[in-house]
2 protein chains.
Amino acid sequence: MSEKQSKTASSAPPGTRQSRGRARRAAVLAAARRLFAQQGFKGASLAAIAQEAELTDAGLLYHFPSKNHLLLAVVAEGDREQDEALEKVQTAKGLPLIERMAEFGADLEADPLLTALDVTLSAEHLQEDSEVNRYFVARYERFRSMLETAFADAARTGDLRADLDPAAEAVNMTAVIDGLRLQWLLSGGSISMAQNMRDYVRGVIARLRA
Amino acid sequence: MSEKQSKTASSAPPGTRQSRGRARRAAVLAAARRLFAQQGFKGASLAAIAQEAELTDAGLLYHFPSKNHLLLAVVAEGDREQDEALEKVQTAKGLPLIERMAEFGADLEADPLLTALDVTLSAEHLQEDSEVNRYFVARYERFRSMLETAFADAARTGDLRADLDPAAEAVNMTAVIDGLRLQWLLSGGSISMAQNMRDYVRGVIARLRA
DNA sequence: TCATATTCCTTGTGATCACTAGGTTTTTGA
DNA sequence: TCAAAAACCTAGTGATCACAAGGAATATGA
């Protein structure tokens, strides 16, 4: 109902045709993110998305040649945003990175729409062989290996116990994040990802302290 | 392609009309469970389900008056099976119940179809206001409160530290289970729920030992 | 034997879907 | 000033969907 000026770094002067086009495209992407997040890919029709973006479905298809292209654009945009967030986290290594994960729940709560999008789309494409599925598989793998490296580093440097299992710790921390997202969504936000993630990380460190 | 004799405790003699009808109904339910688990509620058409059960969609609608009725029947059947499993777990209390949860991952792997159904349908109905959503909300609540009670009992009896946070431990253990289901499905089974759940429970107990 | 109930099919219906064809307006650059 | 391109729209198209109406086959019970 608001915030129309969500342009992506545009160099064109405002009011021109190019900037109007870009703004429309961005509006469509934002509407698609909202509806995909709430109703899933199959559940959200092009007409509904177009209506949210204040144009017709045919008009939408001028900017994105098919519903699947739109989906991939939405996913790619979310990927970019999450990559930026992860790069900040990865300025830390080993134990500091793990300690930083305590705030990851709060980070997710800061962008509820992106979080809901991720949960809904990943669940919808869990078992099918598609580009979206491969994207999520790859993303999980990256996340897990980042954590695994951090645990291995912390064990090597002596910050945490040397006999910890980095792979198992990585899988379980990833699982906690995912599970908290589910409960957070299912409870309508009344179960806090932020608080429970802090508790979990504190518990892990307490258990693995050298 | 096989196993047609999946009757539900029927007292009618075989070969009769009544038993044939019951067997058909069960076949439809099984087909619906398979397709809902793999493709979700919206993704599976009545025609596809009917074809799996070897009849027409109109024939299917004789047994279940609408697609939503079929969904609720599938959900209710899964609920019954999971309730039986949970009752066995709940013969234990306090710390023994928590220790028993170490095998919960293995239990889930024993019925991949029911597990996939649960994940897919719960994700598809995360945010919508429907009977299925209310069912999953209630189920999570029951599960969490069971764990919370167990942790509280263990703290009271002195089996675990008296200063533990039962609610937080319950939320996080529930989250681990859900997250493991996701990674298990997304990895095509190569990430073991059984092993990681055992690791998690062992870690929790190690941390909370009195 | 015969009326009846069960089970399932054929056929059709209206709604919705993603997408297309082709036109219209508006801006732009030469 | 004017041709061309961008950014839409109107009006379809065929496919698919859940579901309805009514009939046919079969088994059952009186």
Side-chain angles (χ1 to χ4, degrees), chain A residues 4 7-8 10-32 35-36 38-74 124 128 130-132, chain B residues 4 7-8 10-32 35-36 39-74 124-125 128 130-132:
Chain A
K4 271 292 173 44
K7 240 167 303 174
T8 51
S10 80
S11 51
T16 70
R17 183 167 53 180
Q18 287 190 21
S19 78
R20 267 224 351 265
R22 258 193 279 262
R24 283 292 233 180
R25 213 190 114 99
V28 169
L29 268 177
L35 291 192
F36 284 160
Q38 285 166 18
Q39 314 179 14
F41 176 67
K42 288 167 196 155
S45 71
L46 285 182
I49 296 169
Q51 193 176 10
E52 275 252 330
E54 289 173 43
L55 40 62
T56 64
D57 57 341
L60 186 156
L61 285 168
Y62 168 77
H63 295 281
F64 302 93
S66 78
K67 193 185 183 186
N68 210 56
H69 280 85
L70 175 58
L71 171 64
L72 292 178
V74 168
E124 205 174 9
E128 98 191 11
S130 66
E131 197 157 349
V132 178
Chain B
K4 271 291 174 44
K7 240 168 304 174
T8 50
S10 79
S11 50
T16 70
R17 186 168 51 181
Q18 286 188 23
S19 78
R20 267 224 349 266
R22 257 194 279 261
R24 283 292 234 183
R25 211 189 115 101
V28 169
L29 268 178
L35 290 192
F36 285 161
Q39 315 179 15
F41 175 67
K42 288 167 196 155
S45 71
L46 285 183
I49 295 169
Q51 193 176 8
E52 275 252 328
E54 290 172 42
L55 40 62
T56 64
D57 59 339
L60 186 155
L61 285 168
Y62 167 77
H63 296 280
F64 302 93
S66 78
K67 192 185 183 185
N68 210 56
H69 280 84
L70 175 57
L71 171 65
L72 292 178
V74 168
E124 205 174 8
H125 300 84
E128 98 193 12
S130 66
E131 197 158 347
V132 178

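The chains referred to below are lettered A, B, ... by the order of the sequence lines, with proteins before strands, and numbering in each begins at 1.
Put simply, CD1 on B:Ile49 is 11 Å from P on D:dC17, counting in whole angstrom units. Look at CZ on A:Arg25: it is 12 Å from P on D:dC8, rounded to the nearest Å. B:Lys42 places its NZ atom 15 Å from the C1' atom of D:dA18, with the value rounded to the nearest Å. Distance CZ (A:Phe64) to P (C:dT20): 16 Å, rounded to an integer number of Å. As rounded to whole Å, 15 Å separates atom C1' of C:dT20 from atom CG of A:Leu60. C:dA18 atom P lies 12 Å from atom CG of A:Leu71, rounded to whole Å. As rounded to whole Å, 12 Å separates atom P of D:dA5 from atom OH of A:Tyr62.
Rounding to the nearest 0.5 Å gives a distance of 13.5 Å between CZ of B:Arg24 and CG of B:Leu29. Atoms CG and CD, on A:Leu60 and A:Glu54 in that order, are 13.0 Å from each other to the nearest 0.5 Å.
Residues forming a side-chain contact (heavy atoms from CB on, under 4.5 Å) with B:Ser66 (at least two apart in sequence, or on another chain): B:Asn68, B:His69. For A:Ala31, the side-chain contact (heavy atoms from CB on, under 4.5 Å) criterion is met by A:Arg34, A:Ile49, A:Glu52, A:Ala53, not counting sequence neighbours. By the side-chain contact (heavy atoms from CB on, under 4.5 Å) test, B:Gln51 is found to be paired with no residue, residues two or more places apart in sequence or in another chain being considered. Applying the side-chain hydrogen bond (donor to acceptor under 3.5 Å, both in side chains) criterion to B:Thr56, with sequence neighbours excluded, gives no partner residue.
The environment of B:Glu131 atom CD is sparse: at most 12 non-hydrogen atoms of other residues, nucleotides or ligands sit within 6.0 angstrom.
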Show which side-chain atoms of residues 38-45 of chain A pair as donor or acceptor with protein atoms under 3.5 Å away, not counting sequence neighbours.
| unit_1 | atom_1 | unit_2 | atom_2 | d |
| --- | --- | --- | --- | --- |
| A:Lys42 | NZ | B:Gln39 | O | 3.2 |
| A:Ser45 | OG | A:Ala48 | N | 3.1 |

Original post:
Which nucleotides of nucleotides 19-25 of chain D have their base under 4.0 Å from a protein heavy atom (B), which only their sugar-phosphate (S), and which neither (-), written as one string 5' to 3'?
Top reply: BB-----
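Contact check, A:His63 against D:dC8: a side-chain N or O comes under 4.0 Å of OP1 or OP2. Remark: B:Ser45 is in phosphate contact with D:dC17, judged by side-chain N or O atoms under 4.0 Å from OP1 or OP2. Phosphate contact (OP1/OP2 of D:dA7, side-chain N/O of A:Arg24, threshold under 4.0 Å): absent.
Shown here for B:Leu71 and B:Phe36, the closest heavy-atom pair between the two residues is CA-CE1, 3.9 Å.
Comparing the helix axis at one end of the helix from C:dT1-D:dA30 to C:dA30-D:dT1 with that at the other, each defined from 5 consecutive pairs, gives an inter-axis angle of 0° (nearest 10°).
Within 4.0 Å of A:Thr56, counting heavy atoms only, lies at least one base atom of the nucleic acid. Residue A:Ala44 is classed as a sugar-phosphate contact, given heavy-atom separations below 4.0 Å to backbone atoms only.
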